[in-house]
Amino acid sequence: VYAPVGSTIPGTGLKLILKPVRGVESNGMLVSEREMGLSDEHEGIIDLPADTPLNVPFAAVMGLDDPIIEIKLTPNRGDCLGVRGIARDLAAAGLGTLKPLDASTVPGGFKSPIGVAVETSSGCPLFIGRHVRGVANGQSPAWLQRKLKAVGLRPISALVDVTNYFSQTHGRPLHVYDAAKVKGELRARLARAGESLVALDGKTYTLDAADCVIADDNGPSGLGGVMGGEASGVSETTTDVFIEAALFDPVRVASTGRRHGINSDARYRFERGVDPEFVAASIELATRMVQE
């Protein structure tokens with residue numbers, strides 16, 4: 001993948017100019033995946049198949065040349081923080097027809113060994129969970145990776161990519177736990193004095209009594225509606241997963257996020273309000289995708 005003089009490298013922001021490099025005039029550079037903003041890989045340049053056509057834009061070769069529609073929203077339009085919400089709004093205005101979703105119930109084969117409890121004062125009025133056994137948490141399929149890359153997200157693993165997909169397509173944040181790392185039931189409650197959480201961003205947060213947490217017998221596993229915890233997070237060795245779809249009080253989510261300085265996609269959506277009628281449907285859709 002060749003970036004000529006005058007190009008701006010997406011992953012670094014470097015603008016290429018004509019200049020000597022080690023005594024030789026440089027007319028551009030060959031780029032790595034990290035320099036193209038595709039991954040963290042920087043050991044070598046991007047290696048393309050031998051039959052890749054020359055003088056064709058990289059975005060076209062990779063199928064990343066879709067039109068980009070950028071929408072600026074007011075805070076009351078949280079329903080349009082997902083592609084389907086925008087499509088629903090357009091259909092309501094007479095532009096096209098909203099495609100149906102198959103949110104039929106995925107039949108269960110066993111009783112979940114992980115129970116769920118919700119304390120009334122927690123700021124979590126609804127919590128739905130489902131336990132799925134025998135998953136292989138490798139790379140997600142190419143079609144899913146392409147969709148995430150197209151909106152600027154880096155694919156991580158199949159399970160995490162599914163949650164990011166639902167956030168972007170349906171405006172519905174989900175969370176996945178490694179079921180083997182959960183001790184006892186998951187409980188939505190307020191944080192207690194002295195509790196802390198090592199979050200998925202690797203930082204340790206001292207919790208406030210006004211924070212809604214999802215906790216197990218080991219303590220807090222995540223900040224409700226803001227960010228999950230590292231201790232119960234999924235990895236490439238995860239084989240059993242517990243999927244969470246929940247509702248969280250927008251005001252509490254906003255105050256918790258501000259208090260701890262956490263800006264996440266989940267917080268951005270929950271504090272603007274998510275569709276309460278879609279929680280049950282989302283767990284069915286997500287379960288079906290994980291199984292597939």
Side-chain angles (χ1 to χ4, degrees), residues 1-73 80-83 86-87 136-169 171 173 198-204 227-228 230 233-237 257 261-269:
V1 181
Y2 167 61
V5 169
S7 303
T8 299
I9 305 302
T12 63
L14 174 69
K15 184 166 184 178
L16 300 183
I17 59 175
L18 189 64
K19 66 177 182 179
V21 177
R22 299 183 186 92
V24 178
E25 193 173 76
S26 171
N27 289 285
M29 64 182 288
L30 303 182
V31 294
S32 67
E33 289 194 5
R34 188 174 76 184
E35 286 164 336
M36 288 300 290
L38 296 175
S39 74
D40 292 330
E41 179 60 44
H42 195 56
E43 290 299 310
I45 62 174
I46 297 174
D47 188 20
L48 295 173
D51 60 353
T52 302
L54 298 177
N55 299 319
V56 177
F58 175 69
V61 171
M62 299 298 291
L64 298 173
D65 57 343
D66 288 344
I68 294 176
I69 303 171
E70 186 171 312
I71 298 174
K72 296 183 179 180
L73 298 176
C80 288
L81 285 172
V83 174
I86 298 166
N137 192 30
Q139 288 189 340
S140 55
W143 69 264
L144 178 51
Q145 293 194 37
R146 282 196 301 270
K147 284 184 179 290
L148 296 179
K149 289 176 181 178
V151 293
L153 291 179
R154 180 173 60 89
I156 298 172
S157 69
L159 291 172
V160 176
D161 291 354
V162 165
T163 66
N164 285 333
Y165 172 82
F166 275 86
S167 182
Q168 297 295 324
T169 58
V198 180
L200 287 172
D201 61 3
K203 298 178 181 179
T204 300
M227 185 172 286
E230 193 175 80
V234 297
S235 68
E236 67 277 359
T237 62
I262 301 174
N263 292 302
S264 63
D265 282 349
R267 173 194 166 184
Y268 192 76
R269 284 158 176 77

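As the structure is a prediction and not an experimental result, all values here were calculated from the model.
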ask   = Are the side chain of D161 and the backbone of P155 linked by a donor-acceptor contact shorter than 3.5 Å?
value = no
ask   = Taking the side chain as C-beta and beyond, is there a heavy-atom pair between L159 and V162 under 4.5 Å?
value = no
request  = For residues 149-169, pull every pair meeting ring-ring contact (aromatic ring centres under 6.0 Å, His included), keeping only residues two or more places apart or in separate chains.
outcome  = W143-Y165, F166-H170
request  = Identify the two heavy atoms, one from G44 and one from S32, that lie closest to each other, and give their separation to 0.1 Å.
outcome  = O-CB, 3.2 Å
task = Identify the heavy atoms of I46 and E33 that sit nearest to each other, and give their distance.
result = CG1-N, 3.6 Å
task = Nearest 0.5 Å please: distance from the CG atom of N164 over to the CG atom of D265.
result = 7.0 Å
key: Derivation and outcome, side chain to side chain contact (heavy atoms under 4.5 Å, CB included), residues R267 and I262   = CA-CA 8 Å; R267 173 194 166 184; I262 301 174; 5.6 Å; no
query = What are the two closest non-hydrogen atoms of I9 and A3, and how far apart are they?
reply = CD1-CB, 3.8 Å
Residue pair V21, M29: steps toward the side chain to side chain contact (heavy atoms under 4.5 Å, CB included) verdict = CA-CA 11 Å; V21 177; M29 64 182 288; over 6 Å; no
ask   = Just wondering, more than 12 heavy atoms not from D47 lying within 6.0 Å of its CG?
value = no
request  = Would you please test V1 and L48 for side chain to side chain contact (heavy atoms under 4.5 Å, CB included) and show each step?
outcome  = CA-CA 8 Å; V1 181; L48 295 173; 3.8 Å; yes
key: Note, S157 side chain near E236 side chain (heavy atom, < 4.5 Å)   = no
ask   = Can you name the closest pair of heavy atoms from S264 and M227 and give their distance?
value = CB-CE, 4.4 Å
Heavy-atom closest pair, residues S26 and V5 = O-CG2, 3.9 Å
message = Could you check whether any side-chain heavy atom of F58 comes within less than 4.5 Å of a side-chain heavy atom of V31, counting everything from C-beta outward?
response = no
request  = Please confirm whether the backbone N or O of T12 pairs with a side-chain atom of E35, one donor and one acceptor, at under 3.5 Å?
outcome  = no
request  = Ignoring hydrogens and angles, tell me if any N or O in the side chain of R269 forms a donor-acceptor pair with the backbone of P173 under 3.5 Å.
outcome  = no
query = Of the non-hydrogen atoms in I156 and V160, which two are nearest, and what is the gap between them?
reply = CD1-CG1, 3.8 Å
ask   = Can you check whether L18 reaches N27 side chain to side chain, under 4.5 Å on heavy atoms?
value = yes
